[in-house]
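As structure tokens, the structure follows; a few thoughts come after it.
Order of listing sets the numbers, starting from 1, for every ligand and every atom in it. We're numbering straight along the sequence, starting at 1.
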Amino acid sequence: MLLRTAFATGFLATAANAWNTDVHNQIGFAAETYLTSYTTSILQRILEPQYLGSIGRAAAWADSYDHTDEGAFSYQWHWIDSSDNPPAYCNVYYNRDCTAGGCVVSAIANQTSILRGCIARAKAGELTNGTDTTCSNALKWIAHFLGDITQPLHASGAAEGGNSYNVTFGGVETELHAVWDGKIIYSDANVTKFSNTSISPFFKGLVEKSILDNFPVPTAEWTACSDPSTPIECAMDWARDSNAWTCDYVYSQIYNGTDLVTSGYAKGAYPIVELQVSKAALRLGTWLNKLVMEEYNKDRQVVLGNVPSWVDGPSAGE
Ligand SMILES: *[C@@H]1O[C@H](CO)[C@@H](O)[C@H](O)[C@H]1NC(C)=O
Ligand SMILES: *[C@@H]1O[C@H](CO)[C@@H](O)[C@H](O)[C@H]1NC(C)=O
Ligand SMILES: *[C@@H]1O[C@H](CO)[C@@H](O)[C@H](O)[C@H]1NC(C)=O
Ligand SMILES: *[C@@H]1O[C@H](CO)[C@@H](O)[C@H](O)[C@H]1NC(C)=O
Ligand SMILES: *[C@@H]1O[C@H](CO)[C@@H](O)[C@H](O)[C@H]1NC(C)=O
Ligand SMILES: *[C@@H]1O[C@H](CO)[C@@H](O)[C@H](O)[C@H]1NC(C)=O
């Protein structure tokens, strides 16, 4: 995968730019546990047969697609680079930060509105076996982006989402983005990677804890905004929620030059990543169930405006 900074120069790096692919798979498997059997059966018609009806298996596709020539347009849909300055101040604003070409917030809105039509066709029996690529891609993107938006450094523009913020983790030189994409959660789960075909004991535990509502933040707050007819509002809520961690922990608890493992930084971050991936899974399951059950306000329009007002001067925006 590519670093954002490296992408600009066309240089291939091995670092990740999203929750690692297996973390996305796990968020998807965890979300599956929240789906009704009816939702599962509808989604199965939308996905290509190779995914065996599993959004967990399909959740990592977006990270390979955006590195193909065909899918390069979706590269920047995985994050929103806010003009924040953690740890001094944190914020995300849609019209300021969602630049032309889109961001994770506009992509969630766009793909949600596409997927809504696909679900209607699947329910009517007009779509089976994942034969409509626009539809299967929309579902795979939703399964992916509702994960990405919970990674604090996917909702922060400082140091290019932490990609250019060098750190040491367990004696290894790396950068902060990669630490949050995988290193902390692997260390927490005591694994070197997660399965990409079934839910891991670690994520199973997180689902059980979510069902018992045993996190410091009640699950009702995670899904306080979960109406697929207001996707911009909800995705902005989720982005602000993630961005707040960059002031509250991600950049504020780093001690100059110390190894993030021996300093206690990694351990202190365990509850945060556990909470964030658990939010991703519950929101994803809830979003898809609501879309399938049509529990949304059909009269409201999906608002898609991602042309920042400053692009062509102060008067050019909307
Ligand atoms: C799981 O990972 C292996 C090794 O990277 C890969 O070959 C396989 O295609 C992946 N399977 C799925 C379902 O993503
Ligand atoms: C919405 O997504 C489709 C691909 O599914 C893409 O062609 C289109 O440009 C996107 N629209 C916006 C406004 O990003
Ligand atoms: C869907 O795929 C299955 C298995 O490949 C096949 O038996 C079935 O006829 C297909 N259905 C349609 C509508 O294409
Ligand atoms: C971070 O490390 C990379 C190489 O690992 C180096 O090229 C870059 O200059 C470093 N950045 C800073 C801000 O020290
Ligand atoms: C982590 O896993 C290794 C190898 O599976 C095991 O030896 C070790 O005891 C585990 N550590 C913890 C804290 O569970
Ligand atoms: C951090 O460490 C570097 C090198 O050890 C030093 O030059 C710099 O002044 C330190 N910064 C702070 C804020 O202590």
Legend entry - Per-residue contact class, N137 against ligand 2 - non-hydrogen pairs under 4.0 Å: neither

Inset, instruction - Determine, using heavy atoms of F73 and all atoms of ligand 2, whether some pair is separated by less than 4.0 Å. - result: no

Check: [X] side chain, [Y] main-chain N or O, donor-acceptor pair, under 3.5 Å:
X: E48; Y: G130; result: no
X: N85; Y: A88; result: no
X: E32; Y: G56; result: yes

Short check: is a protein heavy atom less than 4.0 Å from [atom]?
atom: atom 14 (O) of ligand 5; result: yes
atom: atom 7 (O) of ligand 1; result: no
atom: atom 2 (O) of ligand 1; result: yes
atom: atom 11 (N) of ligand 5; result: yes

Measure up the [X] and [Y] rings against each other and bin them: parallel (under 30°), tilted (30 to 60°), perpendicular (over 60°).
X: W61; Y: Y65; value: parallel
X: W180; Y: Y265; value: perpendicular
X: F145; Y: W141; value: parallel

Legend entry - Backbone or side-chain N or O of N110 under 3.5 Å from ligand 2 N or O: yes

Inset, instruction - Starting from atom 5 (O) of ligand 5, find the nearest protein heavy-atom neighbour and note its residue, name and distance. - result: N190 ND2, 4.7 Å

Inset, instruction - Give the numbers and elements of all ligand 2 atoms closer than 4.0 Å to a heavy atom of W77. - result: 2 (O)

Inset, instruction - Could you tell me which atoms of ligand 2, counted from 1 in the order shown, lie closer than 4.0 angstrom to a heavy atom of I114? - result: 2 (O), 5 (O)

Legend entry - R240 side, atom CZ; D84 side, atom CG - distance, nearest 0.5 Å: 13.0 Å

Legend entry - Within-cut-off N or O pair, N196 and ligand 1, under 3.5 Å: yes

Legend entry - N-O pairing of R283 and D241 below 4.0 Å: yes

